Structure formats: C-alpha cells, structure tokens
Participant: 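Before I ask anything, here is the structure I am working with.
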Amino acid sequence: MDMRKLVGRNAAKLRKEKGLTQERLAEISGLSQQYISGLEQGRRNPTIVTVHELAVALGVSHLDLLQP
C-alpha cells in the first residue's frame, strides 16, 4: 500500500475516534487544516517529524500511524 494513503487513512481514523475535527487537530498539532485534509486524502508526503507531531497531537504512538 502507498505509505501516503496508509498514514492518511490511519490519521483520519484516529482523529475521528478521538472526536476531533480537522480544524481542532490542526490547532493541536500546529499543522494547517489544509495540510491535514491533504494528508488524509493521501496527497501529502509526511516527513518523520510530521508523523511524530501528529502522533503526539492524537495521543498515540507514531507506529499507530504506520500500521497497515
């Protein structure tokens, strides 16, 4: 599977499980809502730093964003 789509799918799933909007996740993570939207759609290529920031903002391990 394309890693961009995998990370995006996992990020969207975890965000929804936590009851967060893209806007709220953007506020918590320091990323823009547009970036999170593109990430969740598999159109962004997140760096390891971005994966870490998202994991911290979601309160999960970075591995949770990388699991198939």
Side-chain angles (χ1 to χ4, degrees):
M1 172 178 262
D2 183 310
M3 286 302 292
R4 289 172 294 207
K5 290 181 181 178
L6 177 65
V7 171
R9 185 185 70 207
N10 288 339
K13 178 180 171 259
L14 291 164
R15 175 181 63 76
K16 291 172 186 174
E17 286 176 1
K18 303 279 183 180
L20 299 172
T21 63
Q22 287 182 350
E23 291 83 5
R24 182 65 183 132
L25 181 56
E27 290 171 8
I28 297 168
S29 67
L31 302 168
S32 72
Q33 185 275 325
Q34 292 83 6
Y35 183 87
I36 291 172
S37 175
L39 179 80
E40 289 184 359
Q41 295 173 31
R43 292 184 294 130
R44 297 287 183 159
N45 191 16
T47 65
I48 193 75
V49 172
T50 302
V51 169
H52 172 74
E53 290 170 351
L54 279 172
V56 170
L58 289 166
V60 299
S61 167
H62 64 285
L63 297 176
D64 292 327
L65 292 168
L66 304 173
Q67 295 288 334

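Computed from a predicted model, the values in this text were never measured in an experiment.
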Participant: Crowded around L63 CG? As in, over 12 foreign heavy atoms under 6.0 Å?
Facilitator: yes
Participant: Enter the distance from R15:CZ to L54:CG here, rounded to the nearest 0.5 Å.
Facilitator: 11.0 Å
Participant: Which pairs with one or both residues in residues 49-68 pass side-chain hydrogen bond (donor to acceptor under 3.5 Å, both in side chains), sequence neighbours excluded?
Facilitator: T47-T50
Participant: Is there a continuous path of hydrophobic side-chain contacts, each under 4.5 Å between heavy atoms, that joins V51 to V56?
Facilitator: no
Participant: Can you list everything that forms a side-chain contact (heavy atoms from CB on, under 4.5 Å) with Q33? Sequence neighbours excluded, please.
Facilitator: Q22, E23, A26, S37
Participant: Under the salt bridge (Lys or Arg N to Asp or Glu O under 4.0 Å) test, which residues partner K13, sequence neighbours left out?
Facilitator: E17
Participant: Using 0.5 Å steps for rounding, measure from the CZ atom of R24 to the OG atom of S29.
Facilitator: 10.0 Å
Participant: So, taking the atom named CG in L58 and the one named CG in L14, what distance separates them when rounded to the nearest 0.5 Å?
Facilitator: 6.0 Å
Participant: Kindly write out the residues that satisfy side-chain contact (heavy atoms from CB on, under 4.5 Å) with L6, not counting sequence neighbours, or none if the list is empty.
Facilitator: M1, M3, R9, N10
Participant: Holding to side-chain contact (heavy atoms from CB on, under 4.5 Å), I want the full list of residues that pass it with N45, two or more places apart in sequence or in another chain.
Facilitator: R4
Participant: Does some side-chain heavy atom of L39 sit less than 4.5 Å from a side-chain heavy atom of L31?
Facilitator: no
Participant: Under a 4.5 Å cut-off applied to non-hydrogen side-chain atoms, are P46 and L65 in contact?
Facilitator: no
Participant: Would you please name every residue forming a side-chain contact (heavy atoms from CB on, under 4.5 Å) with A12, sequence neighbours left out?
Facilitator: E40
